[in-house]
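Below is one structure; the comments refer to it alone.
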There are 2 protein chains.
Amino acid sequence: MELQEAKDRFIHTWGTLATQWGINRTMSQIHALLLLSPKSLNADEIMEELQISRGNVNMNLRDLMSWGLIYKQLLPGERKEYFQAEKDIWKAARQIGRERRRRELSPILETMEEIKKGVSDNSPESAEFLKVVNDIYAVAGFADNTLELVTKAEESWLTSTFMKLFK
Amino acid sequence: MELQEAKDRFIHTWGTLATQWGINRTMSQIHALLLLSPKSLNADEIMEELQISRGNVNMNLRDLMSWGLIYKQLLPGERKEYFQAEKDIWKAARQIGRERRRRELSPILETMEEIKKGVSDNSPESAEFLKVVNDIYAVAGFADNTLELVTKAEESWLTSTFMKLFK
DNA sequence: TTGAATTTTCAAAATATTCTGAAAGTTTTC
DNA sequence: GAAAACTTTCAGAATATTTTGAAAATTCAA
């Protein structure tokens with residue numbers, strides 16, 4: 001079947017791409033599967049579809065929820081929990097941006113500040129070291145601000161106003 | 001010694017932060033070491049400083065060079081190869097941006113295009129699937145454009161003009 | 001309550017990644 | 001061109017991460 005093949009390819013590729021930059025393959029595949037699924041799915045359906053264990057499914061669903069990329073849904077009359085992906089991709093992307101700010105940039109900023117505090121003397125060597133630390137702080141701060149700007153913007157704003165920056 | 005302690009802390013933390021988002025710890029530590037080193041270092045010095053094997057040092061130096069974050073330096077009268085980090089952190093950051101575009105965003109764009117091509121029929125199900133693929137393509141394209149803008153800009157431009165976007 | 005249905009946990013197994021160190025390869029010097 | 005100095009490679013070891021599956025915990029209906 002043509003379409004199913006394309007979907008499978010999408011799920012598989014999405015998983016592979018994820019590993020390229022430090023994201024768990026299974027997590028990524030579950031996300032892809034939910035993105036493509038018109039209806040929400042329960043753990044058993046995901047296990048069946050991706051041929052993975054219950055524990056694995058459970059763990060990665062929690063992870064995806066912590067990233068704010070999927071939601072738990074309780075269907076009336078159903079005992080099982082169902083999961084659905086955020087289907088607005090722009091919203092999902094902003095959510096990823098927010099989380100990466102929190103998980104990756106904030107720690108850098110905090111650490112650089114702490115390290116700066118720890119260097120009290122003012123020898124030339126210390127000054128040189130502090131320059132590096134300060135520069136990294138500035139770059140991380142710039143990235144943080146930019147991501148904040150972008151994650152708070154609406155899609156329409158992004159694709160119009162912001163784009164005008166490009167010649 | 002106060003300063004040395006701060007440097008060690010920096011190197012150690014830099015390595016730990018890197019693992020958080022899929023970068024090899026040792027590579028990150030070598031980079032940090034070279035960033036802080038006023039003079040360029042050879043493989044033996046790095047081995048000694050970080051207590052790691054020659055093979056490990058060699059492999060990660062290559063990797064860092066492929067990221068454009070360090071340079072090989074041939075000192076006159078010296079047989080050994082010396083390495084030095086790009087000390088302009090803004091330049092280094094732009095370099096990372098360029099590489100991530102190439103390594104992470106380009107593959108997404110390419111894959112989405114190929115997948116689109118593969119879906120020929122125009123059933124409602126295909127349309128729904130294509131919507132997801134197209135949306136991801138658009139988001140990745142936006143990220144790619146933004147990174148291009150930012151990586152091509154000068155620090156001065158970034159910290160002045162671009163910043164005016166923030167209220 | 002009880003017990004069936006479902007979810008969560010977690011120790012052990014499987015897999016993937018990173019690191020070592022010695023051998024092979026390369027370059028330079030004499 | 002041979003030997004010394006240095007760099008690269010790579011198979012196996014060490015480490016880290018992911019996955020499994022069954023037991024424990026939780027939830028819910030009756």
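By convention in this document, chain letters (A, B, ...) are assigned in the order of the sequence lines, proteins followed by strands, and residues within each chain are numbered from 1.
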Exercise. For the pair made of CG in L74(B) and C1' in dT26(C), what is the distance, rounded to whole Å?
Worked result: 14 Å

Problem set entry | Interatomic distance where CG belongs to L61(A) and P belongs to dT6(C) [whole Å] | 16 Å

For this session: Decide, yes or no, whether a salt bridge links K87(B) with D135(A) under the criterion of side-chain N to carboxylate O below 4.0 Å.
Result: no

Problem set entry | Side chain of R25(A) (C-beta onward), nearest among dT19(D), dT7(D), dC19(C) | dT19(D)

Seminar exercise, completed: Taken to the nearest whole Å, CD/Q51(B) to C1'/dT15(D) is 18 Å

Problem set entry | Short side-chain N/O contact from N24(A) to OP1 or OP2 of dT19(D), under 4.0 Å | yes

Problem set entry | Gap between atoms NZ and C1', on K80(B) and dT26(C) respectively (whole Å) | 16 Å

Problem set entry | Nucleotide dT9(C), atom P - distance to CG of D63(A) in whole Å | 12 Å

Exercise. Does R98(A) count as lying over the ring of W67(A), i.e. NZ or CZ under 6.0 Å from the six-ring centre, within 45 degrees of the axis?
Worked result: no

For this session: Measure from NZ or CZ of K72(A) to the centre of the six-membered ring of Y82(A), then state whether that distance is under 6.0 Å and the direction lies within 45° of the axis.
Result: no

For this session: Name the residue closer to the 5' end of DNA chain C, choosing between G55(B) and K72(A) according to the nucleotide with the nearest heavy atom.
Result: K72(A)

Seminar exercise, completed: note: R54(B), atom CZ; dA5(D), atom P; distance rounded to Å ~ 13 Å

Seminar exercise, completed: Separation of dA5(C) atom C1' from E78(A) atom CD, nearest Å, is 12 Å

For this session: Kindly point out which of dC19(C), dT19(D), dT28(C) is positioned nearest to the side chain of M59(A)?
Result: dT19(D)

Problem set entry | Distance-only polar pair, side chains of T151(A) and R100(A), donor-acceptor under 3.5 Å | no

Exercise. So which nucleotide from dT8(D), dT7(C), dT19(D) ends up closest to the side chain of N56(A)?
Worked result: dT19(D)

Problem set entry | Most 5' of T19(A) and E81(A) on DNA chain C, judged by nearest nucleotide | E81(A)

Problem set entry | Along DNA chain D (nearest heavy atom to each residue), the more 5'-positioned of S53(A) and N58(B) | N58(B)

Problem set entry | N42(B) CG to dT7(D) P, straight-line distance once rounded to whole Å | 7 Å

Exercise. Quick one: is dT9(C) close enough that its OP1 or OP2 comes under 4.0 Å of any side-chain N or O from R62(A)?
Worked result: yes

For this session: Considering only NZ, NE, NH1 and NH2 on the basic side and carboxylate oxygens on the acidic side, decide whether E114(A) and K117(A) come within less than 4.0 Å.
Result: no

Exercise. Which nucleotide, dT9(D), dG21(D), dT20(C), lies nearest any side-chain atom of I52(B)?
Worked result: dT20(C)

Exercise. Within less than 4.0 Å of OP1 or OP2 of dT19(D), is there a side-chain N or O belonging to T26(A)?
Worked result: yes

